[in-house]
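Some notes on the structure that comes next.
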Amino acid sequence: MENKVFHCIDVQQFDYDYLEEICDLADKIREISRTKAGMEYLASTLNHKRAMLYFVQPSTRTFLSFYSACQMLGIKCAEVRDPKTSSEIKGESEEDTVRTFSLFFDLIIMRHPRANFAKTIANLLNNTDHPVPVINAGSGKDQHPTQALLDIYTLRRSFLHRGGIAQKKIAFVGDLRRGRTVRSLAALLTQFEEVKLYFVAPPEYQIGQDILSLLDQQKTAYEITDDFEKVIPEVDAIYMTRLQDEWDQEEGAHVDIDIERFSFQKRHLELLKPDGIIMHPLPRRQEIAVEVDSDPRAAYWRQVRNGMYIRVALIADIFQRDKKILDYYLSNNL
Ligand code: NCD
């Protein structure tokens, strides 16, 4: 694979061919990792590298997913999760803080409440003599590119025997205005032929105009509605999300909505296509009833596992180890 991604900042960087290649690499890594010898091989590929996980916004699953992805490749990790323990408390700018870290590490993975912070750091490092790759692990209300990659990987695996993602109908439900996972995935789905997206939310939480403009530009079909039950039987995948009310304070407003109308209950399973799937980036609140978990169409736990493999693939690709891994796969007759 030609190395197309150095910094991973937003989904606009990925085209269809890249998505195919990275998902294929993740599948191979999954196979390789099934044996002890395979795991040892993977852990030898980047064991001379060190990563800084700069996660100054709450996170456990994405943090641990990246942490285990690095471990699988042998990368040693350090972490900063609370800026109060660093010199920022002495008045240092965050840009200076992260630039300092970049001098100790070979990769920076960051989650940050500011929309453009990862991009700012990537640009800043590009102009230094030690530019290390930056991966955006979630930036404000804006983007979450690696979540979108794992969501694409999950959709691709789910529709493997149904002609792939092309022509599928996908519904997004919940807080679409502030949910960065929805924004990133909706943008990335424009890479697939004839998909149709449904945005199901109360008007206050509908998807942003910037994403709709992108869909118009790419000629991706969509529908905007608040009628969840009507949409369920029509679609191949339903992407549930929680209310992102941690932003209420900053926005100075709280809108009371009937969350029940935008949640997947046990009775909805009957409405869903027999081969439809239910996704969720997690953490979940009450948007999906726990009784739904045991239905084979519930894909959200598989999604978590897929996230680890796609992140291993992404990091391996950034460090141009993709070809070597594919060679290992072939030479071991996997
Ligand atoms: C999401 C996030 O942080 O944007 N979580 C995740 O990364 N899996 C979704 C959320 O917090 O609702």
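Just so you know, ligand 1 is whichever comes first in the structure, and atom 1 is the first atom listed for that ligand.
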Acceptor/donor pairs from residues 105-117 side chains to any protein atom, 3.5 angstrom cut, sequence neighbours excluded:
from, atom 1, to, atom 2, distance (Å)
Asp106, OD2, Arg50, N, 2.7
Arg111, NE, Ala137, O, 3.0
Arg111, NH1, Pro58, O, 3.3
Arg111, NH2, Thr62, OG1, 3.1
Arg111, NH2, Ala137, O, 3.2
Arg111, NH2, His144, NE2, 3.2
His112, ND1, Arg114, N, 3.0
His112, NE2, Glu94, OE1, 3.0
His112, NE2, Glu94, OE2, 2.6
Arg114, NH2, Glu95, OE2, 3.1

Residue pairs passing the side-chain hydrogen bond (donor to acceptor under 3.5 Å, both in side chains) test where at least one lies in residues 267-278, sequence neighbours excluded: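 As it turns out, the side-chain hydrogen bond (donor to acceptor under 3.5 Å, both in side chains) pairs with a partner in residues 267-278, which skip direct neighbours, are Arg162-Asp275, Glu229-Arg267, Glu229-His268, Asp236-Lys273.
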Hydrophobic cluster identity match, Val173 and Met279, side-chain contacts under 4.5 Å: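 No.
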Ile318 with Leu150, same ILVMFWY side-chain cluster at under 4.5 Å: yes
Pair up each side-chain donor or acceptor in residues 213-221 with any protein partner under 3.5 Å, not counting sequence neighbours, and list the distances.
from, atom 1, to, atom 2, distance (Å)
Ser213, OG, Gln209, O, 2.9
Asp216, OD1, Tyr222, OH, 3.1
Asp216, OD2, Tyr222, OH, 3.4

Presence of salt bridge, Lys196 and Glu223, under 4.0 angstrom: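 Looking at Glu223 and Lys196, the cut-off is met.
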Measure and list all N/O to N/O distances between ligand 1 and the protein that fall under 3.5 angstrom.
from, atom 1, to, atom 2, distance (Å)
ligand 1, 3 (O), Arg111, NH1, 3.2
ligand 1, 3 (O), Arg111, NH2, 3.3
ligand 1, 3 (O), Arg180, NH2, 2.9
ligand 1, 4 (O), Arg180, NE, 2.8
ligand 1, 5 (N), Leu282, O, 3.0
ligand 1, 7 (O), Thr62, OG1, 2.8
ligand 1, 7 (O), Arg111, NH2, 3.0
ligand 1, 7 (O), His144, NE2, 2.8
ligand 1, 8 (N), Gln147, OE1, 3.3
ligand 1, 8 (N), Pro281, O, 2.9
ligand 1, 8 (N), Leu282, O, 3.1
ligand 1, 11 (O), Arg242, NE, 3.4
ligand 1, 11 (O), Arg242, NH2, 2.9
ligand 1, 12 (O), Arg242, NE, 2.8
ligand 1, 12 (O), Arg242, NH2, 3.4
ligand 1, 12 (O), Gln244, NE2, 2.9

